[in-house]
*Asks:* 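For reference, the structure I am asking about is given below.
We name chains A, B, ... by the order of the sequence lines, and we start the count at 1 in each one. The structure presented is a predicted model; accordingly, all values stated were derived computationally and were not measured.
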Number of protein chains: 2
Amino acid sequence: MITVELLEKYGVIKKSFDKNDIIFEEGNLPSNYYQIISGEIKMSNYNDDGREFIQGIFYNGQSFGEPPLFLNQKYPANAIAVENTELFILPKENFMKLLEENPKVSIQIIENLAQRLYYKSVMAAEISTHEPEHRVLKLIDHGIAYFNFQKDKNGYLINFTRQQIGDLTGLRVETVIRTIKALEKKGELKIINRKVYR
Amino acid sequence: MITVELLEKYGVIKKSFDKNDIIFEEGNLPSNYYQIISGEIKMSNYNDDGREFIQGIFYNGQSFGEPPLFLNQKYPANAIAVENTELFILPKENFMKLLEENPKVSIQIIENLAQRLYYKSVMAAEISTHEPEHRVLKLIDHGIAYFNFQKDKNGYLINFTRQQIGDLTGLRVETVIRTIKALEKKGELKIINRKVYR
DNA sequence: ATCGTTTTATGATTAAAGTCATAAAATGTA
DNA sequence: TACATTTTATGACTTTAATCATAAAACGAT
């Protein structure tokens, strides 16, 4: 996350997006740095028969879509507003200038990319070698640590739909529903009127 | 990749590892920056019943294991020498000092992490939403672009065993063998005395 | 308050990759 | 060169999550 002052110094603009608006699409060449002011963005892929895989979900203060920007490569996924969202948008040239002139920001970017790489490493191993219960729990526990889920008397409220959990773990909704029930039976989760707590 | 001169200026040491030696293990806290002089390193996880998932394979000039170093987190995977390997090892404090005093290196690190994140994004989507043939082809095409596979009159020689392809794509050896045969039948690959060409 | 959409839910069936068993070929090593 | 290990290979079978069908509950928008 880059401070507002610094972004403004380099000519950032603000832009609003409605729910379901597309920020950029898979295959496009990147030309901006994006940072969320408010709202929620998901990055995801669709395969040939329309099945979605969610690469990540991003909230206030987080940036997204930088890797292709640094590599001059096409976006490997789409970015879509999950709800009404306001973004800071900084053109690539200005962003690169900001980086050059502010070495400390590079360190922040590095830490941010490192964090995301870490998540992807963990989930990649989960998805390819573990059973549904393990995958779902790992995702939930990651979510508690990194997507500020709220804690109340029942525990942490897992603020994802079953479909989202499926799209993040590579499972189908029905499988997620059954898996969550099985995890509840084992005492790993609580389900209180359809909401999941951990 | 950081230049030898710069690494030496900050007190790098060289160390040799035999085939199958462990550089670091999942769960360890990181204390060094690693860069390959010669040889080959794999980073991988093992699940409870011993099944392996290879996060990545690294060659000459490449560094590995930085994300947890930046985050002060435990390694999410093991690093093992696939063959006899010589490494540059730079203690964390020296590495951080090097970064601070050489901002241009930060940009290189960013590009490197971005590249790896890009690969993980592509493979994550593949593994969770595509069939074996698609996954295997994607891995092979990525390999051609990023792990310098040799080209000869038959095409690019895919320098991975079936087992490695399986461990990189989340498939079992038998499935990989059958998938490769199917891809050959479709004309996507060639198999010339058991070696795979694309 | 109503209607359309999304989310959660459950049962029956199917398909696809995993598992198991076995072996030949290739490779590496003493 | 001989022997052990690794890699590739193939057939039979099993398991597990996907698929398909259907529906109730919840949510959102007008």
*Asks:* Roughly, in whole Å, what's the span from CD1 in B:Ile180 to C1' in D:dT7?
*Replies:*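 The answer, rounded to whole Å, is 12 Å.
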*Asks:* In whole Å, I'd like the distance from the CZ atom of B:Arg51 to the C1' atom of D:dT16.
*Replies:* 13 Å
*Asks:* Want to settle it: does A:Asn193 or A:Lys19 sit nearer the 5' end of DNA chain D, counting the closest nucleotide to each?
*Replies:* A:Asn193
*Asks:* State whether A:Arg162 places a side-chain N or O below 4.0 Å from either non-bridging phosphate oxygen (OP1 or OP2) of C:dT8.
*Replies:* yes
*Asks:* Nearest nucleotide by nearest heavy atom, which residue falls closer to the 5' end of DNA chain D, B:Arg178 or A:Arg178?
*Replies:*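 It is B:Arg178 whose nearest nucleotide is closer to the 5' end.
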*Asks:* Would you tell me if any nitrogen or oxygen in the side chain of A:Thr175 comes within less than 4.0 Å of OP1 or OP2 on D:dA18?
*Replies:* yes
*Asks:* For the rings on A:Tyr156 and A:Phe149, is their centre-to-centre separation under 6.0 Å?
*Replies:* no
*Asks:* From C-beta outward on A:Leu171, which listed nucleotide comes closest to its side chain: D:dT19, C:dA17, D:dA18?
*Replies:*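 Nucleotide nearest to A:Leu171's side chain: D:dA18.
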*Asks:* Testing the 3.5 Å rule here: is there a donor-acceptor pair between the side chains of A:Lys92 and A:Asn72?
*Replies:* yes
*Asks:* Heavy-atom count around B:Lys138 NZ within 6.0 Å, excluding the residue itself: above 12?
*Replies:*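 No, the 6.0 Å shell around NZ holds no more than 12 heavy atoms from other groups.
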*Asks:* I'd like to know whether the aromatic ring centres of A:Tyr33 and A:Phe88 sit less than 6.0 Å apart in this structure.
*Replies:* no
*Asks:* Of the listed nucleotides (D:dT7, C:dT8, C:dT19), which one gets closest to any side-chain atom of B:Thr161?
*Replies:* D:dT7
*Asks:* Among the nucleotides D:dA9, C:dC20, D:dA21, which one has an atom lying closest to any side-chain atom of B:Ile177?
*Replies:* D:dA9
*Asks:* Which listed nucleotide (C:dG18, C:dT8, D:dT8) is nearest to the side chain of B:Arg172?
*Replies:* C:dG18
*Asks:* Whole angstrom is fine here: how far is it from CD in A:Gln163 over to P in D:dT19?
*Replies:* 12 Å
*Asks:* Just to confirm, is there a sub-4.0 Å distance from OP1 or OP2 of D:dT10 to any side-chain nitrogen or oxygen of B:Lys181?
*Replies:* yes
*Asks:* Categorize B:Gly166 for me: base, sugar-phosphate, or nothing, with a 4.0 angstrom heavy-atom threshold over every strand shown.
*Replies:* nothing
*Asks:* Which one, D:dA26, C:dA17, C:dA25, comes nearest to the side chain of B:Glu131?
*Replies:* C:dA17
